[in-house]
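Because the structure is predicted, anything quoted here is derived from the model rather than measured. For ligands, and for the atoms within them, numbers begin at 1 and follow the listed sequence.
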Amino acid sequence: MNNLWGGAVAGAARTLNSSIETDSRMWREDILGSMAHAAMLTEQGILSRADGEAIREGLAGILADLEKGTLAIDMSAEDIHTFVEMTLTGRIGEAGKRLHTARSRNDQVATDLRLYTRGQIEGLLGLIRGAVAAIHDKAVEYAGAVMPGYTHLQRAQPVTFGHYLCAWAMMLIRDAGRLADAKKRMNQCPLGACALAGTSFPIDRENTAAALGFDRPVLNSLDAVSDRDFCVETLAALSLLMAHMSRMAEELVLWSSLEFGFVTLPEGFVTGSSIMPQKKNPDMAELIRGKTGRVYGDLMGMLTVLKGLPLAYNKDMQEDKQALFDGLDTAALCLSVLAPMIGGMQPHRSAMRKAAGAGFINATDCADWLAEHGVPFREAYGVAAGLVRQGKPLEELTLDEYRAASPVFDESVYQAVDLDECVRRRNLPIDEELAAIEAFLQEG
Ligand code: ARG
């Protein structure tokens with residue numbers, strides 16, 4: 001089995017030309033697309049009922065055999081479209097040769113790829129939901145657990161672990177929104193654009209679009225076969241998703257170190273060292289961080305394939321799939337690991353609280369107290385800075401020590417610098433955040 005166009009390419013050129021190693025995974029989409037096309041041709045009277053039925057049965061048989069694993073994809077075919085059509089003709093004879101009427105591989109591959117990507121995005125949305133659910137449950141459990149918030153990785157101001165985790169959820173919810181948006185925009189059917197200029201056969205493009213669950217046909221035939229911006233959009237959304245997962249992964253690496261000790265990662269997500277018996281390495285988090293670069297590379301590769309290509313189809317575009325599939329696979333794999341890793345991590349309230357108690361992260365609250373009692377903030381800042389320089393935790397200063405810095409201080413400053421109180425008084429709307437996350441989880 002080789003190609004559909006009668007000639008031959010030899011040796012390395014044949015390897016260069018072949019895409020079946022990559023595109024064979026679209027067998028289901030290719031068959032469903034062909035079934036919709038053949039049904040439409042029959043309804044339009046372009047194919048006879050007998051041929052239409054033979055094609056439908058033949059394709060259904062190939063689909064069933066591939067699903068069962070009783071038919072192996074022949075990797076000597078040029079691509080998956082070639083394999084399906086040649087297998088069909090091998091099975092049903094003459095009628096199989098009529099399937100490609102009013103179609104080109106150009107509109108066919110664009111259709112298959114949109115169908116495949118749409119399905120993959122649906123799967124990813126489910127995985128994102130799973131990760132957000134895991135984050136949500138931990139956020140509820142640790143809604144009140146005080147921890148230091150950081151800027152420049154320096155202890156800055158107190159927050160709660162629940163609030164921190166909600167930030168992660170917000171990032172992923174936006175990622176889901178971007179993917180859903182890309183899916184919506186790509187949901188138009190290229191079939192009927194044929195090679196680039198449509199066809200003179202009386203086809204019904206609305207028919208095939210509806211049969212395949214598309215919102216409508218792609219309007220412009222040149223655009224239909226040359227547009228791969230849906231691949232770029234998907235990879236851009238995946239790149240951001242990976243960036244977010246990578247930031248979470250980095251925090252898990254930091255937090256699970258002895259230096260922080262904020263969390264213990266679950267068994268099964270850490271590895272030992274072949275030489276240092278005490279080690280529990282956060283390999284999975286590191287790999288999520290590491291895989292992020294690959295997906296950025298996929299995005300750059302995809303953009304570069306498209307740069308400067310004249311309309312409409314060019315064979316360069318066959319290179320779209322490796323990048324897209326790699327990005328989809330990598331993101332799905334990382335989400336599948338991240339969700340249970342977060343679900344199984346054991347946070348340590350006391351370590352977080354201890355870290356929050358050192359490093360003067362309530363200094364702003366001390367300055368705010370003075371500002372609330374009439375001292376201009378810039379002056380109040382100076383007084384609090386002076387207290388910090390004394391090196392004693394603000395909770396432990398005597399009232400005399402406070403008064404020496406500013407006569408405005410009274411007993412109530414102790415409440416202001418109490419860590420729980422610092423967190424409670426801040427406008428951190430944890431309940432609203434959790435409600436927003438729950439609304440997202442219910443949408444699905
Ligand atoms: N394998 C090709 C691809 O992925 C299918 C389209 C081939 N079209 C063509 N005119 N040679 O792009």
Side-chain angles (χ1 to χ4, degrees), residues 1-10 12-34 36-37 59 62 66 73-89 96-97 99-120 186 188-199 208 212 218 220-232 234-235 298 301-329:
M1 191 178 281
N2 190 1
N3 60 57
L4 290 164
W5 38 271
V9 278
R14 186 168 159 169
T15 307
L16 181 64
N17 195 45
S18 164
S19 60
I20 195 157
E21 296 280 352
T22 305
D23 62 30
S24 59
R25 62 162 81 189
M26 300 195 302
W27 53 268
R28 187 188 304 278
E29 290 73 18
D30 194 70
I31 294 170
L32 294 176
S34 286
H37 178 66
L59 288 171
I62 295 172
L66 285 171
I73 294 176
D74 179 351
M75 291 295 166
S76 71
E78 185 184 331
D79 54 26
I80 190 62
H81 327 293
T82 303
F83 170 76
V84 171
E85 190 180 322
M86 285 188 159
T87 305
L88 178 69
T89 302
K97 297 186 192 165
L99 168 63
H100 213 50
T101 311
R103 189 176 70 172
S104 153
R105 268 188 299 161
N106 296 351
D107 58 345
Q108 186 179 359
V109 70
T111 303
D112 292 2
L113 195 55
R114 285 183 192 229
L115 285 173
Y116 181 82
T117 308
R118 189 178 79 184
Q120 291 295 303
M186 79 179 66
Q188 301 188 358
C189 187
L191 279 181
C194 300
L196 76 161
T199 177
T208 38
L212 294 169
V218 179
N220 183 289
S221 65
L222 293 151
D223 185 39
V225 293
S226 64
D227 165 30
R228 295 292 183 277
D229 40 351
F230 70 92
C231 305
V232 174
T234 302
L235 283 168
D298 294 330
M302 186 68 237
L303 282 167
T304 310
V305 163
L306 293 183
K307 182 183 179 300
L309 287 187
L311 297 184
Y313 180 85
N314 302 269
K315 195 64 175 254
D316 313 47
M317 286 156 64
Q318 181 163 282
E319 289 297 304
D320 53 7
K321 288 167 219 68
Q322 281 200 2
L324 180 62
F325 295 170
D326 185 69
L328 289 166
D329 292 349

Subject >> 4.0 Å heavy-atom contact, E78 with ligand 1 >> reply: no
Original post:
So, for E85 and G96, which heavy atoms are closest and what is the spacing to 0.1 Å?
Top reply: CG-O, 4.4 Å
Subject >> Q322 atom CD, neighbour heavy-atom count above 12 within 6.0 Å >> reply: no
Original post:
Taking all atoms of both residues into account, what is the closest heavy-atom pair of I20 and M75, and its distance?
Top reply: CG2-O, 3.4 Å
**OP:** Take atom NZ of K307 as the centre, draw a 6.0 Å sphere, and report whether it contains more than 12 heavy atoms from other residues, nucleotides or ligands.
**Re:** no
**OP:** Starting from atom 11 (N) of ligand 1, locate the nearest protein heavy atom and write down its residue, its atom name and how far away it is, to 0.1 Å.
**Re:** R105 NH2, 3.8 Å
**OP:** Give yes or no for whether the N/O distance cutoff of 3.5 Å, strictly under, is met between Y313 and ligand 1.
**Re:** yes
**OP:** Decide, yes or no, whether a salt bridge links K315 with E78 under the criterion of side-chain N to carboxylate O below 4.0 Å.
**Re:** yes
**OP:** Note the single closest protein heavy atom to atom 5 (C) of ligand 1, along with its residue, its atom name and the distance in Å.
**Re:** D79 OD2, 3.6 Å
**OP:** Could you tell me the residue and atom name of the protein heavy atom closest to atom 4 (O) of ligand 1, and the distance to it rounded to 0.1 Å?
**Re:** K321 NZ, 2.5 Å
Original post:
Looking at atom 2 (C) of ligand 1, what's its closest protein heavy atom, distance included?
Top reply: Q318 OE1, 3.1 Å
Subject >> Of the listed options T22, L196, N106, closest to atom 10 (N) of ligand 1 (non-hydrogen atoms) >> reply: N106
Original post:
Looking at S19, which atoms of ligand 1 are within less than 4.0 Å of one of its heavy atoms?
Top reply: 1 (N)
Original post:
Under the 3.5 angstrom rule, does the side chain of D23 hit a backbone N or O of E21 as a donor-acceptor pair?
Top reply: no
